[in-house]
Amino acid sequence: MLSKLQQQKVMDSIAAAELATSGELRVHLEPTCHNDPMARAIDVFYELGMQATKQRNGVLIYVAYEAKKLAIIGDQGINACVGPNFWDSTRDLMLKHFKEEQLTEGLCAAISEAGKQLAHYFPPVANDQDELPNQISFG
Ligand code: CA
Ligand code: CA
């Protein structure tokens, strides 16, 4: 799906975004999604143990690339302080790139945008730890 170089670009984008926020971002890719991508993203979020952050501020970018479905979800710490349209700008950016078959670019742009959005509510903390690995997971 993504070459090693493309995967590295995505991981680098996560690392860069996490410099500006205490939020933790992850990406999950799989070909198909048989139900609602939001429901599937929530399942994946827990399968990946993404609730294991101190501020409950993990964010999952979920993409079913053949089904062309996607969802962005944040943990309860984020939902407690943002509105329901919080991820719209991130989703729109990603969709724009995906329409041109630019999966890597779409992911990197979305990660960067999500990081910026998160930084308003979750600025970096002293002695920041990488609470969730900056890796892509594949379904
Ligand atoms: Ca961190
Ligand atoms: Ca991380």
Side-chain angles (χ1 to χ4, degrees):
M1 185 62 241
L2 292 181
S3 70
K4 284 268 177 264
L5 183 67
Q6 289 170 324
Q7 291 182 37
Q8 190 59 52
K9 272 191 183 172
V10 172
M11 291 190 282
D12 289 349
S13 293
I14 295 173
E18 289 185 2
L19 289 177
T21 177
S22 61
E24 292 281 334
L25 298 146
R26 289 201 65 163
V27 171
H28 184 85
L29 301 177
E30 59 191 13
T32 54
C33 175
H34 297 295
N35 53 356
D36 175 42
M38 193 63 92
R40 174 66 185 141
I42 291 168
D43 285 348
V44 171
F45 189 96
Y46 287 105
E47 279 167 26
L48 292 172
M50 288 188 63
Q51 69 277 29
T53 58
K54 216 179 280 176
Q55 298 186 70
R56 297 298 299 265
N57 56 0
V59 177
L60 177 65
I61 296 175
Y62 169 84
V63 179
Y65 48 86
E66 277 173 15
K68 301 203 187 302
K69 292 180 181 177
L70 60 88
I72 304 157
I73 57 163
D75 205 353
Q76 59 189 37
I78 299 169
N79 293 336
C81 56
V82 306
N85 301 322
F86 184 68
W87 299 116
D88 285 3
S89 61
T90 303
R91 187 203 55 212
D92 291 348
L93 253 181
M94 199 155 45
L95 284 173
K96 202 178 92 188
H97 286 280
F98 288 178
K99 271 188 198 135
E100 293 161 22
E101 307 286 324
Q102 297 173 320
L103 181 58
T104 309
E105 290 78 2
L107 289 171
C108 291
I111 290 161
S112 164
E113 173 67 14
K116 274 185 214 154
Q117 296 295 323
L118 271 177
H120 295 301
Y121 299 91
F122 298 95
V125 291
N127 304 315
D128 175 71
Q129 297 193 339
D130 189 25
E131 295 177 288
L132 303 175
N134 301 342
Q135 278 164 359
I136 306 171
S137 52
F138 296 92

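This chain uses plain numbering: 1 for the first residue, then up along the sequence. Below, all heavy atoms of this structure are taken into account, side chains as well, without hydrogens, waters or symmetry copies. Whatever order the structure lists them in is the order used to number ligands and atoms, beginning at 1.
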Please determine whether side-chain hydrogen bond (donor to acceptor under 3.5 Å, both in side chains) holds for the pair Gln55 and Ser22, giving the CA-CA distance in whole Å, both sets of side-chain angles, and the decisive distance to 0.1 Å.
CA-CA 8 Å; Gln55 298 186 70; Ser22 61; 3.0 Å; yes

Side chain to side chain contact (heavy atoms under 4.5 Å, CB included), that's the test. Do Asp75 and Met50 meet it? Break it down for me.
CA-CA 8 Å; Asp75 205 353; Met50 288 188 63; over 6 Å; no

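At a threshold of 4.0 Å, the pair Glu30-Arg40 counts as salt-bridged, since one of the basic side-chain nitrogens sits closer than that to a carboxylate oxygen.
Among the atoms of Gln129, an N, O or S atom falls under 3.0 Å of the Ca ion (ligand 1).
In this structure, the ring-ring contact (aromatic ring centres under 6.0 Å, His included) partners of Phe86, at least two apart in sequence or on a different chain, are Tyr121.
The tally of protein N/O/S atoms under 3.0 Å from the Ca ion (ligand 2) stands at 6.
Between Glu113 and Ser89, the side chains place a donor N or O and an acceptor N or O closer than 3.5 Å (distance only, hydrogens not considered).
In terms of hydrophobic clustering, with Ile, Leu, Val, Met, Phe, Trp and Tyr side chains grouped at heavy-atom distances under 4.5 Å, Met94 and Phe138 are assigned to a common cluster.
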